[in-house]
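Accompanying notes for the structure given below.
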There are 2 protein chains.
Amino acid sequence: MVVKQTMSAAMKATEQEADAGKTQGTGTQTLLRGLALLECVAAGICDVKGIATRLGTPRSTTNRMLASLVAEGYLHHIPYKGYLLGPKLIQLGMKALEQRPLVAIARPHIETLAEATGDTVHLGVEENGEVFYLDKIPGTRGLEMRSRTGQRMPLASTGLGKALMLGMPPARWQALHALTCPAGSPAGRPRPAEWPVFEEQLSRYVAQGWAMDLEENELGIRCVAAPVRDGRNLVVAAVSVASAVPYMPEDRMTTLGPLVRATAEAISKDLGWTEP
Amino acid sequence: MVVKQTMSAAMKATEQEADAGKTQGTGTQTLLRGLALLECVAAGICDVKGIATRLGTPRSTTNRMLASLVAEGYLHHIPYKGYLLGPKLIQLGMKALEQRPLVAIARPHIETLAEATGDTVHLGVEENGEVFYLDKIPGTRGLEMRSRTGQRMPLASTGLGKALMLGMPPARWQALHALTCPAGSPAGRPRPAEWPVFEEQLSRYVAQGWAMDLEENELGIRCVAAPVRDGRNLVVAAVSVASAVPYMPEDRMTTLGPLVRATAEAISKDLGWTEP
DNA sequence: CCGATTGTCCCACTATTTGGCACTATGCGG
DNA sequence: CCGCATAGTGCCAAATAGTGGGACAATCGG
């Protein structure tokens, strides 16, 4: 329901390399044409003529490909009515969603982030009301963080956790916050802000797309984090950059925010996520 | 594999053309190979060598296709690590899910069902606690049903509605049942069984995969219905066969049940659904 | 440090695609 | 009820697009 126009119209593009913008002519024209065809149908063009003009292929060729795609289940064919994306695509889409080894996919991105910042970078997911560290890249500043992949931490007192909470309904926030700050907990240990304040903070973080952690989990450690979303636009993970206070003054955090957020979004896109 | 003759060299043993019935006189080998490759990756083979052997293509060819698929976003590539289904597939999968005009897809199936039974066939979805008739094929027995596509009916008193309820958590059943039978409703009008009994009926229907309606909505009309599921295994619609009591004795309904269920499943498959 | 895989190029050969054309089937609008 | 525009199906000569062998370099795993 996004696009609807895209009539045939001009946009001729004789043939051979329709979208010049594509990657350099590879050596699999037929495959590429077929895929283009799929995307064409995905865009809403469902009549043969439209498709044919859209990608500049003659009727016979177009039909031949359509037939193959239908035969394989990538397209649905309603005779004399049109073509639609087929079941196989739904199937593969689901598989792609499962099969996704978050860590492997996120690696390159968090490595880039690590190099760019020089600080420790974490990747984590929510599990059972806690943060679960999936990956970690040590900083190059000499200092060692206690965190370790495979470790668990409270959601409300870590940057990673707060980023994960940004994807939850605000109704759950209080419970998780309470879970992090047991009834008569000693004020001696670092801890997140008191409830009303905490809620305000999270709301602000939601708005800006990234969260902060000001020594709330570990004294002397601050971090900036952002949520990672999947194809369904659900928050499935978060990334964070952490360092010692001296390296993390307020203004640096403000600068880092958008960067971390960008990294998180890059990962999101690799997971099939698309802009609002 | 019916790829003509004149093949000779290369493509020896390893060929076995992956998934059997595949290519059958086509004319888009490259496209098909590419798609086969996708399914191969979907199946979990993520190393080049494995893929190459799996579909009998030489290394160079395989790599070429992989590169194209990666370039187009259909695959994810983690250098020296392997290949995974890419974001584009998730994207297309989601689109396929939306784009699905249930009616158009179900038509052929319900027409077949209509011809086979000679009775009125309905297709409907749940909407706001009611059944919403999406399509109807009049029976050939002369009698006319009052139902009309676009009409709404209570869930609990129609076969279609009950089939739709089979996909809901039993916890919601009672509320919907109550909604159909207002407080001091007159016993004069047809209505579903009293609560405890109704629940038992639904449970049985869940087990057998199809539901019945014994003049609970309209006197003299009985019907057999079954739920249609989509790629996420969620009930998104239902089909039913309805007719006048004389044409619908108990034993005929028992015979019809599996048939209606089969039709519903056929539609489900077209929607991307796969067996338990 | 070695062996096994993978990512890349190059290139001659031909099988795989191409796209025109001719016909039939079907849908839509009047 | 009729006709046009679009869709579905084959056939076929031509040549383009794809194939696969082979040689290297970059990496990984151990």
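Just so it is clear, the model here is predicted, and its values are computed rather than measured.
OP1 or OP2 of C:dG19 sits under 4.0 Å from a side-chain N or O of A:Thr61. A sub-4.0 Å separation between OP1 or OP2 of D:dA17 and a side-chain N or O of B:Gln29 is absent. A close approach under 4.0 Å does occur between a side-chain nitrogen or oxygen of A:His77 and OP1 or OP2 of D:dG8. Taking 4.0 angstrom as the limit, B:Ser60 places none of its side-chain polar atoms (N or O) nearer than this to OP1 or OP2 of C:dT8.
For the helix from C:dC1-D:dG30 to C:dG30-D:dC1, the end axes, each set by the C1' atoms of five terminal pairs, are bent relative to each other by 80° (nearest 10°).
Within residues 43-51 of chain B, the residues approaching DNA chain C are B:Asp47, B:Val48, B:Lys49, by heavy-atom distance under 4.0 Å.
For the pair B:Ile78 CD1 and D:dT27 C1', the computed distance is 15 Å after rounding to whole Å. Separating the CZ atom of B:Arg33 from the P atom of C:dA15 is a distance of 13 Å, rounded to the nearest angstrom. If you take CG of A:Leu75 and P of D:dG8, they are 12 Å apart, rounded to a whole angstrom. At whole-Å resolution of the value, CG in B:Leu66 and P in C:dT6 are 10 Å apart. The interatomic distance linking B:Asn63 (CG) with C:dC10 (C1') rounds to 15 Å, in whole Å. In this structure, B:Leu32 atom CG and C:dT17 atom C1' are separated by 12 Å, rounded to whole Å.
At distances below 3.5 Å, at least one donor-acceptor pair connects side-chain atoms of B:Lys136 with backbone N or O atoms of B:Met145. Although no hydrogens or angles enter the test, the distance criterion places a donor-acceptor pair under 3.5 Å between the side chain of B:Gln99 and the main chain of A:Leu85.
For the residue pair A:Thr57 and A:Thr62, a side-chain donor N or O sits within less than 3.5 Å of a side-chain acceptor on the partner. A side-chain donor from one of A:Trp273 and A:Asn233 sits under 3.5 Å from a side-chain acceptor of the other.
Between A:Glu265 and A:Lys269 there is no salt bridge, since none of the side-chain N atoms of the basic residue sits less than 4.0 Å from a carboxylate O of the acidic one.
In this structure, the ring of B:His76 has its center no less than 6.0 angstrom from the ring center of B:Tyr83.
To the nearest 0.5 Å, atoms CZ (B:Arg33) and CG (B:Leu55) are separated by 8.0 Å. Note that the CG atom of A:Leu92 and the CG atom of B:Leu92 stand 9.5 Å from one another [nearest 0.5 Å]. Between the SG atom in A:Cys40 and the CG atom in A:Leu66 there is a gap of 9.0 Å [rounded to 0.5 Å].
Summary of the strand contacts: A:Gly82 and A:Arg64 both lie near DNA chain D, and taking for each the nucleotide with the nearest heavy atom, the more 5' one is attributed to A:Gly82.
In plain terms, the two heavy atoms of A:Tyr133 and A:Ser147 that are nearest each other are CE2-CB, 4.2 Å.
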| said: Each nucleotide in nucleotides 23-30 of chain C should get exactly one letter: B, S or -. Can you fill that in based on protein heavy atoms under 4.0 Å? | reply: --BSS---
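Within the cation-pi definition used here (under 6.0 Å to the ring centroid, within 45° of the axis), A:Arg141 qualifies as a partner of A:Tyr247.
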